[in-house]
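Quick note: numbers below take in every heavy atom, side chains included, and nothing from hydrogens, waters or symmetry partners. Small disclaimer: the values here were computed from a predicted structure and weren't measured.
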Amino acid sequence: MKPLKWLLLIVMVLLTLGCQQDQGQDQPGKMTKISGKVMVPLEGAYLYIYQKGMDLYGPAMTVSRPTGPDGSFELSLPPGDYIAVARKRKNGEAAGPVRAGDYKSGFINLTAAGNPIELTVAAPVKIGDERRLTSALPESGTGISGMIRDADGKPVEGARIHVYDHVQMSERPKYVSEKTGPDGHYLIYLPSGGTYYLAARDKFGGPPQIGDLYGRYDQGTIEPSAVVVRDGEILKNIDITVTKVW
Amino acid sequence: MVRSDLKNRAGCRRLLISLLISLLLVCGCSSEPALDLTALDNAARAGDAKAVSQLVSLLGRTDNGLNDKVYPLVTQLGKAAIPALIDQADSDDRVLREYVIASLGTLQAKEAVPVIVKSLRDKSFSRRYIAAWALGQIGDVNSIPELLQALDDDDSGVRRYATRSLIRFNTRAVAPLLGYLPQAPPRGQAGAIRALGDIGDPRALELLLKAVDGPNRGEVFMALGKLKDPRAENALIRGLRDADWRNRMNAAMALGPLGGPAAAAALRPVLEDPVMVVREWAARSLEMVSGEHVRYRDAKGKLVMPYKIYH
């Protein structure tokens, strides 16, 4: 059986090496190892690293793996100044809004210069949240529904509707829908009727970045089109097409 | 019996070894050679035309989001990437074609206008919106007639991006838009009116006022508000009595930036309009015109101040 064992060993090594995916490009410069523990909660939190100047509520430059049972995390960063924040969402997701009841730390300034950095991060429970997801709103009988589609007209799964009450849409959204399912359909309840402005996107937080899927409810004009909802009305067929941000 | 067992075992072992070797060969040969994107990018940056072409081809590869990684590399190549991009701009692969045209738009490649126009006209290409977008980024006035035609396209994405691109042309698009407007089909006319409103050129006033009783009057009211020309005041005051509440809302909205005493007098009765959002906009505009805080009745009949729609 010896040749067989050797052969199996070789096959396993080759398969392991051959099937590895591209893990991205190496950053130049000596990498700084960042490790530590997130004290509360211990398990399942993520450490988000932002470069200085980035929107701290948008997508991070890099995100750690979820912390282990002892709260430990580890990642490596190229030299530079960063801001770190730990977050754990009750729904277990690594992205999306941090809602009341989720855990989040304060923002931690970091300078990576090659020497390992050990952090102890406290992440208390977040209380209160200005943005409200569909699930956080009572089914008021007032709302907006429609489809989110891609450039081919196909339903988009995993996107959210962002609802604004100011025409610039530059502030944080007032309400955010749950993610769409495979049928691309959304329904967002609103506490009252009024004039709203809508965008659909696959990411949450910060201005849309190149490569994101994004679409505004408009007709090509500089300002978005107003969506007028009356009390007690579910306004239907408010469909939005998302395309890549180029 | 013992000899037969041994023979069987040896046979099984040979079979197993053969199977494993086959598996190894299949695994080893079926996957493409590992892609070294950094090396390819470096070669492209060094001027290797084949590497540039290969990099552009990768814009069609969606596995692991590869094309999203390649897109910035291609656009960072600048003008050097344009010939290879033009070569693939009419690809049958709709993803590759979309990314290629987006790259040409980002690079503002004027020499690519003919091939992008071809894509805009090609109804079999489901992502034609990108052609309308790219023409606006490039800003070649020769593409304006194509964008005007696209205002009446059956694809709403194409219409939206054609409108946006014409707005990007700014005052250079005004004369062509004014030439298009009188003979345009209603859907195209609506797009042209929106574009003229956002450009805000006073030359548009006369034709907009002529369209004030037409099927796109709601759009006309909005555009007149953006032009901020007091000569539109009377037409907008008439719009406050429109049968469609959306048109009344647009007229009320438009009077705010341009209205005078006549507009103020006309807006006061609109505070009793049966539709709340019309009352709300009347109050907002009346405040802009008169400088006084104005309340309106909300859906529950309570007198409230309109919130500031702009920060």
Can you name the closest pair of heavy atoms from [X] and [Y] and give their distance?
{"X": "A:K244", "Y": "B:Y129", "answer": "N-OH, 4.3 Å"}
{"X": "B:A299", "Y": "A:D231", "answer": "CB-OD2, 3.0 Å"}
{"X": "B:I167", "Y": "A:G220", "answer": "CD1-O, 3.5 Å"}

Tested for side-chain hydrogen bond (donor to acceptor under 3.5 Å, both in side chains) against B:R160, the lone hit among A:T221, A:T243, A:D218, A:T241 is A:D218

Donor-acceptor contact present, side-chain B:D198 to main-chain A:I222, <3.5 Å: yes

When rounded to the nearest 0.5 Å, the distance separating OG1 of B:T75 from CD1 of A:I210 is 7.0 Å

Rounding to 0.5 Å, atoms OG (B:S156) and CZ (A:R149) come to a distance of 9.0 Å

Please examine the side chains of B:Y307 and A:H166, heavy atoms only from C-beta on, and report whether any two atoms are closer than 4.5 Å.
-> yes

Within a strict 4.5 Å, meaning less than it, do heavy atoms of the B:E219 and A:Q219 side chains meet? yes

Pair count under 4.5 Å, heavy atoms only, with chain A: among B:M276, B:R94, B:R159, highest is B:R94

If one checks every heavy atom of A:Y197 against chain B at 4.5 Å, the contacting part turns out to be side chain

Bottom line for A:D165: the part with an atom under 4.5 Å from chain B's heavy atoms is both

Plane angle bin for A:W246 and B:W133 - parallel if under 30°, tilted between 30 and 60°, otherwise perpendicular = tilted

